Amino acid sequence: MKITLKDGVVKEYAAPLSVLDVAKDISEGLARATLGAEVDGKMADFRTLLDRDCHLHIVTADSPAALGVLRHSCSHVLAQAVKRIYPEAKLAIGPSIENGFYYDIDHAPFSREDLDALEEEMKKIIKENLKIEKFELERAEAIRFVEEKGEIYKAELIRDLPEDAVISFYRQGEFVDLCAGPHLPSTKGIKAFKLISSSMAYWRGDSDRAQLQRIYGTAFFKKEDLEAYLEHLEDIKKRDHNKLGREMELFATVDVIGQGLPLLLPKGTKMVMKLQRWIEDIEDREWGYVRTKTPLMAKSDLYKISGHWDHYKDGMFVLGDEEKDKEVFALRPMTCPFQYYVYKNTQKSYRDLPFRMGETSTLFRNEESGEMHGLTRVRQFTISEGHLVIRPDQAEEELQGCLNLAIHVLDTLGLKDDVSFRLSKWDPENREKYLGDEAYWESAQGALRKILQDKALPFKEADGEAAFYGPKIDIQAKNVYGKEDTMITIQLDCAIADMFDMYYIDKDGEKKRPYIIHRTSLGCYERTLAWLIEKYAGKFPTWLCAEQVRVLPISDKYAEYAKEVRDILLANGVDAGMDERSEKIGFKIREARLDRVPYMLVVGEKEEAERTVSVRSRFAGDEGSKSIEAFVEQICREIRTKEIRKEEVQA
RNA sequence: GCUUAUGUGGCGCAGUUGGUAGCGCAACUCAUUCGUAAUGAGUAGGUCGCCGGUUCGAGUCCGGCCAUGAGCUCCA
């Protein structure tokens, strides 16, 4: 992105534009304070540049970077308020984050009342219109400076910087904080803020170190923006699968059954079964998979061969006691080794490869107690798992196929635009956690990178996210709260065939080691259901709905006709229900809408006489009167094509 | 696992300083037979998450456990 600053300096900046980059140029004298700038040849609303002291000057509030600076300054005001009310509190760090800011503080837990009191103090500080000023100290001097104040966490941060570093601080009134900036020129610039919540966080994210209190807050340039954001927080709660999914009777949890073990209720089960049948059908009929059904548990010996016993024992449910019992079993945390033995059951020739196995596979993972969440993090779940045993020369084509299948699935569900791609690599700093050497990892990671690049998919690379046996392409989705989960994974594994002595007979008559691709096409059914609930706020595409049509007789007199219509729909493979209670039609419609049923068929005297149905849909409202045959044809087509009809009617 | 909050009929909630549980919706019954988002009346339903303690007496106070939410850590 090219920016022409007012004094005529033209500079190319990387997109997205970073205020910090511009700030650096300002401090080096390349630019100076300005309230207007030309972006890509035309004047833009870029009015958030910084002056020589790294102060942000703001006229409009549309830049995310500007918001970041505002929120960072707001976090300093919070820290100042904390020190005024609780002088003994020690400060850790206080950055701006995606939707606000936080500050980690070493102090006893804060209640909502404490937060309210802090908000009041913050308002005072803002009103005092304290100038925010930058100053710098040599490293040793800086350490002495913060230690005099008892700020041990700040001292640790400075000690981690190089010997010759110049340490910058910002001062506002009596309050000084270690900080690289930039900041607003004064506290008065903070017009609209709110402390959202507080909770515990570990110092430097290490669960063995100090437990700090993290106060979350947010700030905006305009009061309306803050109010809109707070309203948005309320709105997303209504989409939250963990609330909506229970309300809609898709799933439930029961204390006595246990944590992370949700029950899929009839409606949720129906949806999951529709997904499952679809995935199995396309994998087997269109993508060349064979289906397996393998045991949910095995002797520990199996996991010793696969490496899971060494690498993952804590995450498995082990049945039996290694000391006492002759045989110890474990519930499976993955399907890999089971399918390897399916492959090994008969000798394979190079002609048999690729050998693609799919299994709708239930897995068990003993997550720690605080990690369970709704349907997205559970102890037992079912995935569309699969393993492709391939010749090395088939790797590229098969990896592409896996990615294409995943994208086809996402596209069909209407979720394609909501995902991000991640190349999950090993952590070169912790090599002992992984199988194989550097050359293996570099080449496997390179192969996956090429697949993503060839498809021109934007992706980020992440160290330390790989499986212990190989790198992954992970397809990530965010939930309504912005938290990311892996939905689909494709992993290349060139190491494990050796451990299980898997081979094929090549053209030259020699035994060769195959590669293995571990992959999912839709991933975890429970997680996907959760994602769909949040994406559609419960208003699913018709083909996925547990109840696709509800027939509503005007009165008992037309119940027989309603039943006939319902039975015709059922016979045509449509999940149809009927509301034959002695209620008014308005009441039945209200309930059907609250249940988010896509199609309501009102039938009364006129419809019975003409053998029609009066169609009211969730999408378009009143769709008029249609013959039974015409409606059956319409809805069967919609279901068959998995059409996602647009919602045109406000709920 | 860690910090913190919460747990009252199916759901959403009320329950004052400890004195034998209430409301709305839903359910059920009866009446109503109705034309596109709530017909009316009545009935029933709870050892207040579980276990223990303090007390003459515990939904209320204390302890332990279980579950749920938020966040941290973790997610092979």
Side-chain angles (χ1 to χ4, degrees), chain A residues 102 104 108-112 196-216 237 240 242-243 246-247 249 252-262 303 306-316 333-334 336 363 365-374 376-379 424 426 433-435 464-470 472 474 481 483-486 489 491 518 552-559 580-594 600-607 614-617 621-623 625 649-651:
Chain A
Y102 68 78
D104 283 348
F110 298 99
S111 65
R112 182 65 241 184
I196 307 280
S197 63
S198 76
S199 61
M200 187 277 284
Y202 298 104
W203 170 233
R204 306 209 126 177
D206 184 340
S207 56
D208 293 329
R209 301 201 63 181
Q211 297 186 354
L212 309 173
Q213 295 304 313
R214 176 170 297 178
I215 298 179
Y216 284 94
K237 272 188 203 150
D240 182 351
N242 206 8
K243 188 163 165 49
R246 291 170 198 270
E247 273 171 21
E249 295 176 33
T253 50
V254 179
D255 291 15
V256 77
I257 293 175
Q259 250 190 332
L261 298 169
Y303 306 109
S306 67
H308 285 86
W309 201 256
D310 290 336
H311 285 92
Y312 194 61
K313 197 175 158 207
D314 289 346
M316 293 182 9
M334 36 73 241
C336 321
L363 306 179
R365 298 183 186 186
N366 193 5
E367 306 285 358
E368 289 193 84
S369 67
E371 285 159 3
M372 262 66 77
H373 176 80
T376 54
R377 196 74 185 276
V378 291
R379 281 184 163 142
S424 298
W426 74 333
K433 283 170 69 179
Y434 303 90
L435 302 176
E465 296 285 352
F468 69 82
Y469 45 75
K472 312 189 278 179
D474 286 322
Y481 298 106
K483 225 175 163 174
E484 209 173 69
D485 272 316
T486 300
T489 184
Q491 313 171 0
H518 309 238
L552 310 177
I554 297 275
S555 78
D556 295 352
K557 283 184 254 172
Y558 315 107
E580 52 184 333
R581 294 176 301 172
S582 303
E583 299 287 351
K584 288 185 168 178
I585 192 66
F587 181 80
K588 295 184 189 181
I589 286 172
R590 177 185 149 80
E591 298 231 316
R593 293 221 50 178
L594 290 175
M600 289 159 265
L601 303 183
V602 177
V603 296
E605 189 180 359
K606 184 168 145 277
E607 287 78 10
S614 177
V615 180
R616 185 185 166 117
S617 76
D622 190 352
E623 295 194 17
S625 191
V649 182
Q650 286 298 308

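Every value quoted in this text rests on a predicted model; they were computed, and no experiment measured them. Chain identifiers are assigned alphabetically (A, B, ...) following the order of the sequence lines, protein sequences preceding nucleic acid strands; residue numbering begins at 1 within each chain.
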Closest to the [X] side chain: [options]?
X	options	answer
A/Y202	B/A37, B/C74, B/U73	B/U73
A/Q259	B/U36, B/C2, B/U68	B/U68
A/R581	B/G69, B/G35, B/A27	B/A27
A/R593	B/A37, B/G35, B/C72	B/A37
A/E371	B/U33, B/A67, B/G1	B/G1
A/R246	B/U68, B/C75, B/A37	B/U68
A/E583	B/G35, B/U39, B/U68	B/U39
A/R616	B/U36, B/U68, B/C72	B/U36
A/R377	B/A38, B/C75, B/U3	B/C75

For this session: Answer yes or no: side-chain N or O of A/T253 and base N or O of B/U68 forming a donor-acceptor pair under 3.5 Å.
Result: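 Such a pair does not exist between side chain and base.
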
For this session: Tell whether A/D556 reaches the base of B/U33 with its side chain through a donor-acceptor pair below 3.5 angstrom.
Result: yes

Expressed as a whole number of angstroms, how long is the span from [X]:[atom1] to [N]:[atom2]?
X	N	atom1	atom2	answer
A/K237	B/A70	NZ	P	10 Å
A/L212	B/U4	CG	P	14 Å
A/L552	B/A37	CG	C1'	12 Å
A/F587	B/U33	CZ	C1'	15 Å
A/L594	B/A38	CG	C1'	9 Å
A/M600	B/A37	CE	C1'	9 Å
A/M200	B/G1	CE	C1'	9 Å
A/Q211	B/U73	CD	P	12 Å

Can a side chain N or O of [X] be found less than 4.0 Å away from OP1 or OP2 on [N]?
X	N	result
A/S199	B/U4	no
A/Y216	B/C72	yes
A/H373	B/G71	no

Find the partner of [N]: check Watson-Crick (N1-N3 plus N6-O4 or O6-N4) and G-U wobble (N1-O2, O6-N3) distances, both under 3.5 Å, and reply none if neither fits.
N	answer
B/C13	B/G22
B/C48	none
B/A38	none
B/C61	B/G53
B/A5	B/U68
B/U32	none
B/U43	B/A27

Residues [X], [Y]: salt bridge by 4.0 Å N-O rule:
X	Y	value
A/E367	A/R377	yes
A/E591	A/R581	yes
A/E583	A/K588	no

Exercise. How about A/Q259: does its CD atom have over 12 heavy atoms from other parts shown lying under 6.0 Å from it?
Worked result: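 Yes, because the 6.0 Å sphere around CD of A/Q259 holds more than 12 heavy atoms from other groups.
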
Exercise. Got more than 12 heavy atoms from elsewhere within 6.0 Å of CD, A/E605?
Worked result: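 Incorrect, the count does not exceed 12.
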
Mind checking if [X] touches a base, just sugar-phosphate, or nothing, with heavy atoms under 4.0 Å?
X	value
A/S614	base
A/Q491	nothing
A/S369	base
A/K433	nothing
A/K584	base
A/G586	sugar-phosphate
A/I554	base
A/G464	nothing
A/A592	nothing

Rounding to an integer number of angstrom, what distance separates [N] and [M] when you compare their [atom1] atoms?
N	M	atom1	result
B/U73	B/U16	P	38 Å
B/G45	B/G9	C1'	6 Å
B/G7	B/G15	P	11 Å
B/U36	B/C30	C1'	27 Å
B/C13	B/A70	P	15 Å
B/G59	B/U54	P	16 Å
B/G49	B/U60	C1'	16 Å
B/C65	B/C25	C1'	33 Å

Problem set entry | Heavy-atom side-chain proximity of A/P333 to A/Y303 below 4.5 angstrom | yes

Report all interatomic pairs (protein N or O, nucleotide N or O of nucleotides 8-14 of chain B) with separations under 3.5 Å.
none

Using distance alone, with no hydrogens and no angle criterion, decide if [X] and [Y] have a side-chain donor and acceptor under 3.5 Å apart.
X	Y	result
A/S617	A/E623	yes
A/S197	A/R214	no
A/T489	A/Q491	yes

Exercise. Between A/Y434 and A/H311, is the ring centre distance below 6.0 Å?
Worked result: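 No - the distance between ring centres of A/Y434 and A/H311 does not fall below the 6.0 Å cut-off.
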
Problem set entry | A/V603 to A/Y558 - nearest heavy-atom pair and separation |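 Heavy-atom minimum between the residues: O-CB, 4.0 Å.
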
Problem set entry | 5'-most by nearest nucleotide on RNA chain B - A/H308 or A/E591 | A/E591

Seminar exercise, completed: Judged by nearest nucleotide, the residue sitting upstream toward the 5' end of RNA chain B, A/E368 or A/V254, is A/E368

Exercise. Does A/E607 use its side chain to pair, donor to acceptor, with the backbone of A/G604 at less than 3.5 Å?
Worked result: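 Here the side-chain-to-backbone pair exists.
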
